[in-house]
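Just follow the structure's listing: the first ligand is 1, and inside any ligand the first atom is 1. Below, all heavy atoms of this structure are taken into account, side chains as well, without hydrogens, waters or symmetry copies.
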Amino acid sequence: MCGIIGIVGMAPVTARLLATLKRLEYRGYDSAGIASITENGLERRRSVGKIANLEACLNDDPLVGFTGIGHTRWATHGEASERNAHPHISGKVAIVHNGIIENYAALKSELREAGFEFQTETDTEVVAVLIDSLLQSGLEAKEAVGAALKRFHGAYALGIMFESQPDVMYGARKGSPLVVGIGNGEMFLGSDALAIAPYTNKVIYLEEGDWCRLTRESYEVFDSEDKPVMRKVQTVETEEDSADKGNYPHYMLKEIYEQPRSIAKTLQAYTHPVHGTLSLPKDATLDFDFSTVSNVYMISCGTAHYATRVAEYWFEQIAGIPCKTDIASEFRYRQPALAKNSVALFVSQSGETADTLAALRYCKVQGIKTIAVVNVRTSSIAREADVVLPTLAGPEIGVASTKAFTAQLAVLLVTALHAGLSRGTLSEDEFETHSKSVAEIGSKVDESLSRDGVIRAVCELICDADDVFYLGRGVHYPLALEGALKLKEISYIHAEGFASGELKHGPIALITDKTPIVFVAPTDELYEKSISNLQEVAARKGPVLLISDRKGVEEAGGAPTTTLEMPDCDQLIAPFVYSVALQLIAYHTAVMRGTDVDQPRNLAKSVTVE
Ligand code: M6R
């Protein structure tokens with residue numbers, strides 16, 4: 001969602017603000033802007049659409065200042081227009097914001113009654129106008145920031161500048177993350193550490209309700225009661241997987257191809273360095289024993305949710321633990337009754353998803369043990385959970401999650417195996433056999449990638465469709481849901497996933513010769529049932545794509561289908577192998593349709609508002 005960069009610099013900042021906004025493009029946005037304090041006072045440039053438009057605008061009309069804020073906006077309140085784009089300026093105050101000011105309407109009418117005017121339809125503008133009103137009432141800039149923050153309900157990460165203080169910047173966070181970067185004679189604000197990574201690796205993660213005052217040489221942090229507080233300065237590791245596309249046309253394709261390595265890297269962290277056996281990482285010491293755990297809850301959103309839906313089968317079948325998965329936005333408001341001695345896993349690539357974070361906080365209040373399965377070690381979810389089980393997928397830039405998904409599957413599978421061993425539902429021998437299969441995931445995924453050409457060819461079947469259905473049974477049912485999500489988010493084709501067994505209970509009414517059906521059906525114990533469903537679809541002239549292994553493709557011989565043969569593998573690791581096919585189908589279909597694969601319309605990479 002909205003990206004923020006702020007620089008109190010010792011050299012002109014526009015070029016760096018712009019370069020950072022380009023790096024933040026992956027978060028998803030529909031307009032962008034920059035403000036700086038120039039010799040003419042506060043000035044800004046804003047534009048709708050790609051950063052290239054803002055760049056063109058700055059080329060025509062440059063901004064020269066040593067302190068500046070930049071923003072990529074993902075519209076919530078008010079259309080994507082130049083008028084609604086950030087930074088917002090009121091009088092001598094400029095601000096950028098990520099989040100939602102929920103009481104903006106009440107504040108707006110209060111300020112209007114006091115004679116202040118508004119130019120936009122955004123919730124954010126009240127922040128600038130309220131601070132401006134407090135300045136005009138005689139408060140100093142710092143006092144005005146502290147006083148204004150107490151009036152806002154909802155979520156915010158803010159960057160604030162005052163024309164009267166050209167070498168000072170304020171930041172504040174509640175609900176949405178904000179990072180302070182400590183440079184050499186310069187200070188930075190960023191919506192995440194990646195934003196400021198080229199400038200410094202020394203960061204402070206502001207805590208809930210914190211706000212800060214930065215100059216080039218100093219920083220002060222205050223808590224929600226305006227008391228000065230010390231926050232830890234952390235050194236952020238530089239990610240070795242660079243955030244560029246290399247020779248790939250899209251980040252998504254690069255990330256799909258990185259999977260053998262990202263899975264291997266993740267599994268390596270879950271392998272005992274001496275004995276070579278699968279185990280949880282040493283620094284993820286659990287202060288509970290899975291043998292005494294009554295229930296496992298897994299809470300997440302989007303693709304991460306589908307990873308937990310696959311893992312639900314593993315926890316129940318391998319470890320015999322009653323398991324429930326939930327969508328975080330539902331969980332957080334449902335007041336779920338949680339069993340004693342249960343543990344809750346929060347799965348998130350970004351570690352910043354607002355609903356997942358809120359669900360984590362709910363569980364903590366209920367006294368439930370919390371485990372974060374996250375890709376960003378320094379994220380809010382990682383910092384607030386009792387235990388972190390990291391995925392080591394490296395930075396994922398494409399909005400459509402791919403390598404993070406398979407890394408999540410890897411961590412959840414190892415955790416389920418660990419739980420099975422602790423509970424005695426898996427013998428040592430069975431554990432070893434499963435471990436051998438896990439060790440093959442990387443090479444099987446690599447083999448799946450080698451079928452890319454064939455996978456691309458089968459996309460002809462679906463690239464002109466208006467609706468596509470995905471069907472699967474067992475662990476392949478959530479995979480079908482994930483395949484459909486991937487297709488809809490980047491190709492804009494309407495796609496739905498169903499459990500194959502549900503077909504006759506409704507979805508079959510939708511089948512025509514214009515609705516391709518993708519069956520994910522390797523030869524497991526449910527294969528024959530899947531093929532019966534496939535026949536039912538074929539009998540209604542639905543064009544079928546069967547994704548199976550060699551035996552499955554051969555046995556389906558008689559059915560009128562297009563087939564896609566994936567590598568033979570142990571059933572336990574089939575979700576990894578079949579994910580690759582589904583990801584590549586979505587990717588190639590989107591490319592054939594000419595969509596913006598890495599930044600699909602309306603989507604944000606990290607959903608930091610509800
Ligand atoms: O960062 P998170 O894993 O918490 O994000 C959850 C979802 O927003 C995310 O998986 C989303 O569904 C992706 N666009 C799917 O490709």
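Regarding atom 8 (O) of ligand 1, its nearest protein heavy-atom neighbour is Val607 CG2, 4.0 Å. Among all protein heavy atoms, the one lying closest to atom 3 (O) of ligand 1 is Gln349 N, 2.6 Å. Counting only heavy atoms of the protein, atom 9 (C) of ligand 1 lies nearest to Thr303 N, 4.0 Å.
Heavy atoms from other residues, nucleotides or ligands lying under 6.0 Å from CD of Glu208 number more than 12. Residue Arg456 places its CZ atom among 12 or fewer non-hydrogen atoms of other residues, nucleotides or ligands, all under 6.0 Å distant. The environment of NZ in Lys202 is sparse: at most 12 heavy-atom neighbours from other residues, nucleotides or ligands sit within 6.0 Å. Heavy atoms of other residues, nucleotides or ligands lying less than 6.0 angstrom from CD of Glu330 number 12 at most.
Polar contact with ligand 1: present for Ser350 (N/O pair, distance under 3.5 Å). Looking at ligand 1, you'll find an N or O of Thr353 within less than 3.5 Å of one of its N or O atoms.
Within the listing of ligand 1, atoms 16 (O) sit less than 4.0 angstrom from a heavy atom of Ala400. Annotation for ligand 1: atoms under 4.0 Å from non-hydrogen atoms of Ser401 are 15 (C), 16 (O). Residue-ligand proximity, Glu489 to ligand 1, at heavy-atom distances under 4.0 Å covers atoms 13 (C), 14 (N), 15 (C), 16 (O). Of all the atoms in ligand 1, the ones that sit under 4.0 Å from a non-hydrogen atom of Lys486 are 15 (C), 16 (O).
Under a 4.0 angstrom heavy-atom cut-off, His305 registers as lying outside contact with ligand 1. Contact annotation: Cys301 has at least one heavy atom less than 4.0 Å from an atom of ligand 1. At least one heavy atom of Val399 sits closer than 4.0 Å to an atom of ligand 1.
Taking the ring axis of Tyr251 as reference, the NZ or CZ atom of Lys245 stays within 45° of it and closer than 6.0 Å to the ring centre.
When each of His97, His77, His71, Arg73 is paired with Thr124, the side chain to side chain donor-acceptor pair (under 3.5 Å) condition holds for His97 and for no other.
Here the side chain of Asp386 pairs no donor or acceptor atom with the backbone of Lys369 at under 3.5 angstrom.
In this structure, Arg309 does not pair ionically with Asp326, as no charged nitrogen and carboxylate oxygen lie closer than 4.0 Å.
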